[in-house]
Trainee: 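Below you'll find the structure I mean.
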Amino acid sequence: MKGWTAPPAIELPPRYYLDNFYALLEFVEAKYGQLLLASEREFLARFEALSEEARCLFLRLANRKGQCFRLSKLSYPEIGDLQPPLQELLQGGFCLRFCPEHRAELPLVVAVFTRQELCQLWKLLCPGVRGLSALKKEALADRLLQEVDHDELCQAIAASDTVVLQCYLQEYELLKFLFFGHLGGEMSEFVIRDLGLVQYESLALEKLVAKFSSRQEVDDKFWISSVYQQFRELREAPVAEVLYSWYGQQAHRGSQLGAEARPTFDRLTLKLARLLERQQQPHWALEVYRHSPQPPSRERQVRLLHKAGEQQQALELCHQMSTHPLNAEEAIFAQDYCQKLERKKAVRSTTQHLKEADTVHIPREYRYAVEKGVIRHFSEQGYEALFSENYLFQSLFGLLYWDIIFDQDVPVYHSPLQRFPSDLYLPQFLDRRQAQLQARSQVLSTSKRLLKQVRTTYDSKWGLGNPLVGWHENTLPLLEAACRRIPAAALHQVLLAMARNLKEYGRGFPDLFLWTKKEYRFVEVKSPTDALSPQQLYWLRFFKEAGIRAEVLRVAWV
DNA sequence: ACCGGACACCCAACG
DNA sequence: AGGGCCCATG
DNA sequence: CGTTGGGTGTCCCATGGGCCC
Ligand SMILES: [Mn+2]
Ligand SMILES: [Mn+2]
C-alpha cells in the first residue's frame, strides 16, 4: 500500500484561508514587527477594521493570479452575497472600481475577458468591423487596443461587468515574503500541510529565528527578484545591445548585495552572460561573467579568453581554478584545459576514462532504457541489482544526519513551513556542524550500528518531507544492500565530502548498485552516444581512493 | 529554495 | 467537437 | 575521432472546470 495516498478525509473550516493568513500575520508581527514600514502598518490596521466578509473577499482575490477581477466571475458560498463586502473594499481603498481614469491598466483588464466577449465589445464599438475570426486571443486583444478609442473601450467594459483593480498587493506580497523567507511561497502550502498531503518534520515555533535583520536586506532581496523578473521578460526576445546595457544599469547595486540576495544576482549574471555568448557577443559576455565568481563563470571565461587569443590570461585563470576549484567540474576542466593550452594532451580525462572502460553488448530493444538492459544482463549472471543514482547517498545522508539537519540550535529555521535548513546547500552547512558530523562517524563506525541507525530512522520518520529522502519501495532495500557491503568508514568519507557543499557534491553518483553473495560493485552505464560528466568522474575517483568498488560500463548495441 | 536542475538521449558543426 | 493547458480549489 | 553546443523528455498534492485552439 505504500505510495498510495487516500483522498483527504480531513475537512477544512469554510474560511480556512482567513485562519491561515492570521497565522501568517501573527508570525510576521512577532519576528519582523520592527521592520515594517508605515504603509505596511497602515494596511494591517485598515485590514483589521474590515468586516470578516470583506477580509475574506480581499484574501480570495489576493490569492488569485493578477490584480484585475470581474464580479460576475466570482462566487464564494462561504462569503455569501459579494456586494456588501465589495462595497467595503472599494470604500476602504482595497480595490478600485475600473473606469476610464484607469486606462493605463487596459491591457490587464482586456485579458480577463474571453475571446468571444472581446469580439462582441469590438463589434459594439465598431459595428462594421471584420476579419476578427482569424486572430488568436492575444493578437485580437492587441489589435483592439490599437484600433479602438480607449475611453470608449473603458466605458463599454465598465458597462458590461463590474471590474475591480486590487490594491495593497505589494504590502500583501511583502508580508508573505517575510513569513516564508523567500519569494514564491504560496498560501496553498498551509492547505497542503493541513490536508496531510505533505508532512513536515515538527519544528519548535519558539526556536524559529528571523531570516532578515534589517530592512536593507529585505529591500535588497525584493529588488533583485524584480530585476530577475525583468530579465525573464527581456529574455523572451533577446537583443544583445539591450541586454548588455540593461545589465550595466543593475550591476553596481547588484555587486553590493548581501548574502541573502547575492545568489540571485549571480544566477542573473551567469544566465545573461550565456545569452550574450549565444548572441555572438564574446566580449560583452566575458565582461559580464567577471561580475560573478560562481561556476561556471570561470570556465566560460577561460574558453572565451582562449578563443579571443588571450592565452596568458586564459592560462592564469585556469591555474587559479585548478588550485582553488569550487566544484568537480572546475577541477577537472581546469586540469585538462591547462594541459591543452600547454599542448601536452588533447583528450579530456572524462573521455579518457570512458575509453578505458569495459564494453558490454546489449540488445537494441533497450535503447532509451540502457540501465535496464544492463540490469538484465547482470541478473542473468546471478547478480541482484537496484537503481542507485543519487538516491542512495542522498537518502543515506538524509537519514544518518536527520537530527543534525533538523537541529534548531543552529539559526537556520525561519518559518513554520520550512522543509530544510537554509544553509543545507551551502558550504556553511559543514562549517557550522563539523563536530556533530565527525562524532556521527565515530559513533556509527561499524556496518552493524550504521545499518541499525538507518532502519530506525527510516521507520520513525517515514513519510516526512526531507529533500534528500524519497520514501519509495526500493529506498530501504537499496540502503540495506549497500550499507551491509560497503565499509562504514568509506561511507562516512563520502557523506562528509558531500556535506562540504551539497549543491555541488550531491550528484554524479553511479547508476546501479549490483551485488552477489560474494561481491558488490557500482556501475555507471554509458550508452554509445553518452559521455562521462565531471561530477561522475569525480566520484569514481573518490570511490577508488576510499576503496569502494565502482566501474564504468559502455554499452554496445547488438 | 523564483519554470529549474539532473539525468539520459539525440543531433549538428568544427578541428 | 474534442484535446489539452491554465488555474482555482481544498 | 574528439569537443562543443544545441535540442528533447521526465518529476515535484490531486482533481475539476473553463477557456483556447
Ligand atoms: Mn544515471
Ligand atoms: Mn549512465
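Computed from a prediction, not measured in an experiment: that's the story for all the values here. Order of the sequence lines fixes the chain letters, A, B, ..., with proteins taken first and strands second; residue numbering starts at 1 for each chain.
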Trainee: Report the distance from atom NZ of A:K73 to atom C1' of C:dT9, rounded to the nearest whole Å.
Mentor: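 These atoms are roughly 17 Å apart.
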Trainee: Indicate whether OP1 or OP2 belonging to D:dC13 is found under 4.0 Å from a side-chain N or O atom of A:Q199.
Mentor: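 For D:dC13, OP1/OP2 do not have a side-chain N/O of A:Q199 under 4.0 Å.
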Trainee: Between B:dC3 atom P and A:E236 atom CD, what is the distance in whole Å?
Mentor: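 About 15 Å, once rounded to whole Å.
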Trainee: Separation of A:E299 atom CD from D:dT3 atom P, in whole Å?
Mentor: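 Value for this atom pair: 13 Å.
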Trainee: Rounding to an integer number of Å, can you tell me how far A:K65 NZ sits from B:dC3 P?
Mentor: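 Those two atoms, NZ and P, are 13 Å apart.
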Trainee: Give me the ring orientation class for A:W402 and A:F406: parallel if the planes are under 30° apart, tilted from 30 to 60°, perpendicular past 60°.
Mentor: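 It falls in the tilted class, 30° to 60°.
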Trainee: Students often mix this up, so state it plainly: with edges at 30° and 60°, are the rings of A:W471 and A:W462 parallel, tilted or perpendicular?
Mentor: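 Taking A:W462 first and then A:W471, their aromatic rings sit tilted (interplane angle of 30° to 60°).
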Trainee: Would you indicate what A:E371 reaches in the nucleic acid, counting non-hydrogen atoms under 4.0 angstrom: base, sugar-phosphate, or nothing?
Mentor: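 The residue A:E371 makes sugar-phosphate contact but no base contact.
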Trainee: Is any side-chain N or O of A:K136 closer than 4.0 Å to OP1 or OP2 of D:dC21?
Mentor: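 No.
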Trainee: Select base, sugar-phosphate, or nothing to describe what A:G181 touches, counting heavy atoms under 4.0 Å on all strands.
Mentor: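 Nothing, no nucleic acid heavy atom in range.
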Trainee: When we call it a touch if two heavy atoms are under 4.0 Å apart, what does A:V191 touch: a base, just sugar-phosphate, or nothing?
Mentor: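 Base contact.
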Trainee: I need the single residue from A:L272, A:L276, A:L304, A:T269 that forms a side-chain contact (heavy atoms from CB on, under 4.5 Å) with A:Y289. Which is it?
Mentor: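 The residue from A:L272, A:L276, A:L304, A:T269 that satisfies side-chain contact (heavy atoms from CB on, under 4.5 Å) with A:Y289 turns out to be A:L304.
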Trainee: What's the closest nucleotide to the A:R64 side chain, out of C:dA8, D:dG2, B:dC10?
Mentor: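 From the listed options, C:dA8 comes nearest.
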